Amino acid sequence: MHPATRSIPALRPVDCCGRALALLMLPIAMASGACSKPTDPAAPTRAYRMGFSAIPPRLNITDVLATIEQWKTRGDAAILLITPPWKSLLADTNASLIIRREHLELVQLYRSRGFTVVVMMDGTDGLNRSAENPELVALGRSIGEPAIQAIYREFAVAIDTILHPDYLGLAMETNLVRAVAPATVYGNLRTMANATATALEARGTSTRLFVSVQVETAWGKLPAAPGYVGIAQDRADFPFAEALGLSSYPNLTTVSEPNDLPLDYYERLVPNGDLPMMVVEGGWASSSIVHPSSPALQARYIERQMALADRAELIAVFQLTFTDLDLESLGPVGAQLGPFATMGLVTKDYADKPALAEWDRGFARPLKVR
């Protein structure tokens with residue numbers, strides 16, 4: 001994807017949505033109600049859970065509550081993207097205190113509704129996979145330092161022991177990091193994630209550990225490669241993984257039509273089915289970014305994604321953003337999120353988009369977990 005084709009020149013072709021979207025997460029305390037969802041006994045079943053994060057269109061409690069209120073009957077799983085708050089951690093703020101203060105009540109809400117909970121930790125820069133976390137860099141520190149890796153492990157242990165997620169991701173978009181970052185950054189991420197997994201396993205964790213890969217990178221689309229690349233290196237470098245997260249933003253690359261995605265788009269990554277897979281982030285913009293788009297095209301993508309998920313027998317499909325993002329209200333963070341601003345299934349003011357009906361159609365299928 002050449003920079004000249006993008007409408008947001010500040011965002012480079014290798015950028016993905018991790019870190020800045022994580023900045024939108026807010027701690028909340030709220031009461032829960034009974035969970036209900038539409039069902040159709042005559043519909044085919046689905047093997048994958050479905051859900052969203054609590055990322056709001058605007059940074060206020062009202063919108064966080066409204067966002068969850070709208071999607072809570074459209075999901076049976078929830079996902080949290082947590083970037084270690086390096087400034088606080090390096091100022092000796094206790095990792096357990098941070099997790100309890102900022103994330104525990106939200107996870108308790110999800111648990112009260114019976115949701116499966118997935119947490120992802122991001123060890124590099126989610127908006128620029130060629131670099132380390134900018135907050136860490138600004139402090140003159142690096143994940144190459146044993147002390148920083150120890151803090152990362154401590155933070156992961158706090159997540160595991162306090163939040164008890166069903167799945168915990170220890171590194172994100174590993175193949176994209178390897179493709180675009182200096183070899184030292186990837187090597188340090190690999191070392192840090194594996195050491196963290198070892199620490200968690202030594203404590204007898206029951207949480208299933210995973211890493212995520214970038215699907216377009218595996219297919220040779222981001223960055224451009226002569227053909228399909230695959231993920232064999234990622235599986236060798238992160239042998240602890242009991243599942244595989246998928247990050248997929250096809251319309252930010254060379255794909256302009258959802259139905260051009262081959263049916264084995266996810267399946268090919270693990271063709272023998274020996275590693276469970278789940279979409280942990282991704283989407284299709286309803287506005288034109290790299291290629292012309294529209295709400296109708298976005299709806300076709302959601303329909304296609306369900307077909308890809310069925311074919312690959314995924315265990316979960318997540319959208320990080322249920323709503324579009326109100327970029328103007330988000331200040332400096334908003335300036336970085338242009339390509340992801342219209343990936344929600346409703347507008348920033350909660351008006352339904354056609355993609356929501358496709359999501360609801362998929363969710364109405366009874367869940368039949370293998």
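This is a predicted model, so every value here is computed, not measured. Hydrogens, waters and symmetry mates are skipped; everything else that's a heavy atom, side chains included, is used.
Between the W284 side chain and the N251 main chain, no donor and acceptor come within less than 3.5 Å of each other. Between the side chain of D160 and the backbone N or O of A156 there is no donor-acceptor pair closer than 3.5 Å. A distance-only check finds a donor-acceptor pair linking the side chain of S288 to the backbone of S293 [under 3.5 Å].
Rounding to the nearest 0.5 angstrom, the gap separating the OG1 atom in T73 from the CD1 atom in I68 is 12.5 Å. Separation of atoms CE (M121) and OH (Y152) is listed at 4.0 Å; rounding is to 0.5 Å. How far CZ of R268 is from CG of L263: 13.5 Å, rounded to the nearest 0.5 Å. From L104, atom CG reaches atom CD1 of I98 across 14.0 Å, with rounding to the nearest 0.5 Å. S88 OG to F155 CZ: the interatomic distance, rounded to the nearest 0.5 Å, is 9.5 Å. One finds the CD1 atom of I99 at 9.0 Å from the OG1 atom of T161 (value rounded to the nearest 0.5 Å).
For Y48, the side chain to side chain donor-acceptor pair (under 3.5 Å) test picks out D310, R365, with sequence neighbours left out. Listed by chain and number, the residues in a side chain to side chain donor-acceptor pair (under 3.5 Å) with Y350 are D63, T67 (sequence neighbours excluded). Partners of T191 under the side-chain contact (heavy atoms from CB on, under 4.5 Å) rule, at least two apart in sequence or in another chain, are Q149.
Applying side-chain hydrogen bond (donor to acceptor under 3.5 Å, both in side chains) to T174 and the options D234, T217, D237, T124 leaves one that passes, D234.
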One pair to check against side chain to side chain donor-acceptor pair (under 3.5 Å): E281 and Y249. What are the steps and the verdict? CA-CA 8 Å; E281 62 171 306; Y249 299 93; 2.7 Å; yes
Begin from the C-alpha positions of E135 and K87 and carry the test salt bridge (Lys or Arg N to Asp or Glu O under 4.0 Å) through to its verdict. CA-CA 7 Å; E135 183 180 27; K87 187 174 181 179; over 6 Å; no
May I have the step-by-step check of side-chain contact (heavy atoms from CB on, under 4.5 Å) for R58 and D349, ending in yes or no? CA-CA 10 Å; R58 289 164 289 273; D349 297 315; 3.6 Å; yes
Evaluate side-chain contact (heavy atoms from CB on, under 4.5 Å) for L90 paired with I151, printing each intermediate quantity in order. CA-CA 8 Å; L90 288 168; I151 292 173; 3.6 Å; yes
Between R304 and D260, is the salt bridge (Lys or Arg N to Asp or Glu O under 4.0 Å) condition met? List the steps. CA-CA 9 Å; R304 187 63 170 178; D260 287 342; over 6 Å; no
Chi angles and distances behind the salt bridge (Lys or Arg N to Asp or Glu O under 4.0 Å) call for R74, D360: CA-CA 7 Å; R74 293 180 160 100; D360 287 348; 2.8 Å; yes
Applying side-chain contact (heavy atoms from CB on, under 4.5 Å) to T205 and L168, what does each step give before you reach the verdict? CA-CA 11 Å; T205 182; L168 175 57; over 6 Å; no
For the pair E257 and R300, evaluate salt bridge (Lys or Arg N to Asp or Glu O under 4.0 Å) and give the outcome as yes or no after the intermediate values. CA-CA 9 Å; E257 164 56 54; R300 286 211 298 276; 2.8 Å; yes
Start with the C-alpha distance between M278 and L314, add both sets of side-chain angles, then the distance that settles side-chain contact (heavy atoms from CB on, under 4.5 Å), and finish with yes or no. CA-CA 5 Å; M278 55 183 163; L314 299 188; 5.5 Å; no
Could you go step by step and tell me if T253 and E216 meet the side chain to side chain donor-acceptor pair (under 3.5 Å) rule? CA-CA 8 Å; T253 63; E216 285 68 54; 5.5 Å; no
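Between F238 and Y186, the two ring planes are perpendicular [angle over 60°; tilted spans 30° to 60°]. Ring geometry for Y228 versus W219: interplanar angle over 60°, hence perpendicular rather than tilted (30 to 60°).
Counting heavy atoms from C-beta outward, S96 and I162 have side chains that approach closer than 4.5 Å. Contact of the Q108 side chain with the E105 side chain is registered, since non-hydrogen atoms from C-beta on lie closer than 4.5 Å. With contacts defined as side-chain heavy-atom distances shorter than 4.5 Å, the pair D76/F363 qualifies. At least one side-chain heavy atom of L81 sits less than 4.5 Å from a side-chain heavy atom of M172. Side-chain contact check for L189 versus M192: some heavy-atom pair is nearer than 4.5 Å. Looking at R235 and D274, their side chains come closer than 4.5 Å, going by heavy atoms from C-beta outward. Here the side chains of Y265 and L246 are not in contact, with every heavy-atom distance at 4.5 Å or above. Looking at M50 and T116, their side chains never come closer than 4.5 Å, going by heavy atoms from C-beta outward.
L275 and A241 make their closest contact through CD1-O, 3.5 Å (heavy atoms, listed as atom of the first residue, atom of the second, distance).
Counting non-hydrogen atoms of other residues, nucleotides and ligands closer than 6.0 Å to CZ of R100 gives a total of 12 or fewer.
Centroid-to-centroid, the aromatic rings of F318 and W71 stay 6.0 Å apart or farther.
Hydrophobic cluster membership is shared by L59 and L325, with clusters built from Ile, Leu, Val, Met, Phe, Trp and Tyr side chains linked at under 4.5 angstrom.
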